[in-house]
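Chain A is the first sequence line, chain B the second, and so forth, proteins listed ahead of strands; every chain is numbered from 1.
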Amino acid sequence: MKEIFEILEQNARATPEQISTMVDKPVSEVEKMIRQAEKDGTILKYKTIINWPKLGEGDIWALIEVRVTPQRDVGFDAIAERIYQFPEVYSAYLVSGTCDLAILVKGKNMQEISSFVTEKLAPLERVQSTVTHFLLKRYKENGETFHLPREINKRLPITP
Amino acid sequence: MLNTKSAPTQARDNLISQKVDSLPPSGIRKFFDLLSSVEDVISLGIGEPDFVTPWHIREAGTYSLEKGYTMYTSNSGMLELRQELASYLQLRYRVSYHPEHEILITAGSSEGLDLALRAIINLGDEVIIPDPCYVAYPADVILAGGVPILVPTNEENNFVVRATDIEARITKQTKAILIGYPANPTGAVMSQKEADAIAGLAKKHDLLVISDEIYARLVYGAEHICFPSLPGMKERTILISGFSKSHAMTGWRIGYVAAERRFIQALAKIHQYTMLSAPTMAQMAAIEALRNGESEVEKMVQEYNRRRRLMVKRLNEIGLPCFEPKGAFYAFPSIKATGMNSEEFAEKLLLEEKVAVVPGTAVGPCGEGFVRCCYATSLSNIEEALRRMDRFIRKSRLRSE
């Protein structure tokens, strides 16, 4: 029942009762599906998207392209794991194109990120090279735009 | 004290045509003025999508401006758009229209409706219309010189007009039946059987059918019946539709009429003297909507369906019984149990709880005892509005005890 997950992805706080009405299925069935999904890892976690810069706080983010040497039997997975286990790494992907791994790194300041790159990432045996792009401005994340007010009501209050 | 009741009779203005002067103002318009005086209202009274036009369609409109498409198109509209429409209607509803002779692009379906009525009505011709109905139907008939004949519908028939009720009102002056399903304000859809019965009647009495199918794409667990696709109906049906509801394009003013050549020729004659052509930018955007808009339409329909279920369930829970609306984006609950009439209910609800709904009487005498609640608004708005309506009903129950 994909629709249940689509609703939860949009609003993690949707209750089983609300979801049950929206998808026209009994509450018990919805609860069972959610429990099952939580157990089998379909639902990994419930999170909130916070607009931190609004609170005047902001971490520094960098997108780092990493070229690595794959390893016999395990390909890129072993080196990828060595990298993504660092808590500084927020997201990690194997990608096609000019690099092998693309990772998103979070730090308190630029210093923190550069020491992560120079002291931890670059020295890894199978890492050939890195290219670091600092994020200057975020426009959209996880399907949500940052800069527009959430709901601009341009409609007339009543129309035929 | 605010007053939404009928305006006091005013002296006739001789500089205004009698027809227009005597036309009552839209009941929705009256309510609009009252609404403007209250702040922070949650409105369930807005009869248009809350979605913004999908980005790829807006982008196509912008691009057309950049490329300099700022002139008139041919009167009938861009052939490319008519071709896309012809194949769309063929694929979706199995009804074929010749793109060059049987389709006319209009400035919204409202223009199409006006053209159709003006093209067929002789002074005094009668047009049969289900009651309640879209606010413009009776007015447009009157403006075209015709006489609107309202046929009552009710909740026992899920607000679908019955062929027998229509037949009882057919006279020598009857020219056409004007229907709009899925329906604004009730959310009713027509079943195959009901449609067949009306088709049979049209044939039997040699009547035209004007079928306003602007909400065709917004159906939930029901199949939309495209009226001209019924056997023998293409030759006597004027199909009116557009992009406003399906693709969230109300402000673009883009719609179309499909009918046999002789009708389109007649409509096009008025169109060429009045509108000339539909907005060019909107036509370009509509082409994009037809070519690549399907997944966005489906997404919006799915979202409306969730809201619909939530609204209908909550309305029934708080004691406003509501039949299941299977189309458009309206619920039409009965408010009879509150002891108030529609206008009173809508006015008090607005002033006491700041929720706007449309009183049923604004959409026809048979709307008395009902209000129109539109669920084309966010889930959180629907939930909050229904919470307030619940409180309102409890309070008024206590008062009357």
Side-chain angles (χ1 to χ4, degrees), chain A residues 1-37 42-43 46-51 54 137-160, chain B residues 26-39 41-52 110 134-137 139 184-185 220-221 250-251 299 302-303 305-314 317 324 346 350 356-358 362-363 372 374 376-383:
Chain A
M1 197 53 192
K2 214 172 115 201
E3 207 181 344
I4 295 178
F5 304 125
E6 285 170 358
I7 293 169
L8 280 172
E9 196 179 25
Q10 279 304 310
N11 176 14
R13 297 178 68 182
T15 64
E17 288 74 23
Q18 289 168 323
I19 297 172
S20 122
T21 308
M22 286 190 260
V23 302
D24 199 20
K25 290 268 181 302
V27 181
S28 59
E29 196 179 313
V30 172
E31 280 171 335
K32 203 175 131 200
M33 290 222 36
I34 294 175
R35 258 200 314 274
Q36 175 65 28
T42 308
I43 293 174
Y46 298 94
K47 290 181 71 165
T48 308
I49 303 175
I50 308 284
N51 192 352
K54 209 177 166 205
K137 189 172 181 179
R138 45 189 59 206
Y139 295 104
K140 190 174 182 182
E141 224 170 68
N142 302 311
E144 303 292 327
T145 46
F146 275 80
H147 295 279
L148 292 170
R150 273 297 170 83
E151 205 167 297
I152 321 165
N153 199 354
K154 301 188 189 93
R155 298 192 296 169
L156 294 169
I158 195 161
T159 56
Chain B
S26 154
I28 285 185
R29 188 73 223 174
K30 274 193 292 180
F31 204 62
F32 183 90
D33 297 334
L34 173 62
L35 226 170
S36 313
S37 65
V38 188
E39 272 174 38
V41 172
I42 296 184
S43 184
L44 304 179
I46 312 173
E48 68 176 318
D50 61 324
F51 298 107
V52 177
S110 296
Y134 178 53
V135 287
Y137 291 171
N184 175 5
Y220 317 98
T250 45
K299 251 191 260 173
Q302 190 181 39
E303 184 61 33
N305 196 10
R306 290 175 193 158
R307 300 168 179 186
R308 178 185 74 102
R309 286 171 174 149
L310 182 72
M311 180 176 270
V312 173
K313 183 174 171 233
R314 289 289 290 133
E317 279 171 1
E324 192 196 351
L350 177 64
V357 296
V358 173
V363 291
R372 187 191 79 173
C374 176
T377 189
S378 69
L379 281 166
S380 52
N381 270 352
I382 293 173
E383 284 188 332

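In this structure, the portions of B:L310 lying under 4.5 Å from any heavy atom of chain A include both its backbone and its side chain. Proximity to chain A (any heavy atom under 4.5 Å) is restricted, for B:R372, to the side chain, taken from C-beta onward. Neither the backbone nor the side chain of B:L44 comes within less than 4.5 Å of any heavy atom of chain A. If you measure heavy-atom distances from B:V135 to chain A, the contacts under 4.5 Å come from the side chain alone. For chain B, the nearby part of A:E6 is the side chain; its heavy atoms alone come within less than 4.5 Å.
Residues A:P160 and B:N184 come closest through the heavy atom pair O-ND2, 2.7 Å.
Considering CG of A:L156 and CD1 of B:I28, their distance stands at 12.0 Å, rounded to 0.5 Å. Of the inter-residue distances, the one linking B:T377 atom OG1 with A:R155 atom CZ reads 5.5 Å to the nearest 0.5 angstrom.
Interface summary for chain A: among B:K313, B:E303, B:E48, the most heavy-atom pairs under 4.5 angstrom belong to B:E48. Ranked by heavy-atom pairs shorter than 4.5 Å toward chain A, the options B:A356, B:G45, B:A136, B:S26 are led by B:G45.
By a heavy-atom distance cut of under 4.5 Å, A:Q18, A:T21, A:M22, A:V23, A:D24 are the residues of residues 10-25 of chain A near chain B, going up by number.
Within a 6.0 Å radius of CD in B:Q302, other residues, nucleotides and ligands contribute more than 12 heavy atoms.
A search for salt bridge (charged side-chain N to carboxylate O under 4.0 Å, His left out) contacts involving B:E39 returns nothing, not counting sequence neighbours.
Put simply, the side chain of A:T159 never gets that close to the backbone of B:I46: no donor and acceptor are under 3.5 Å apart.
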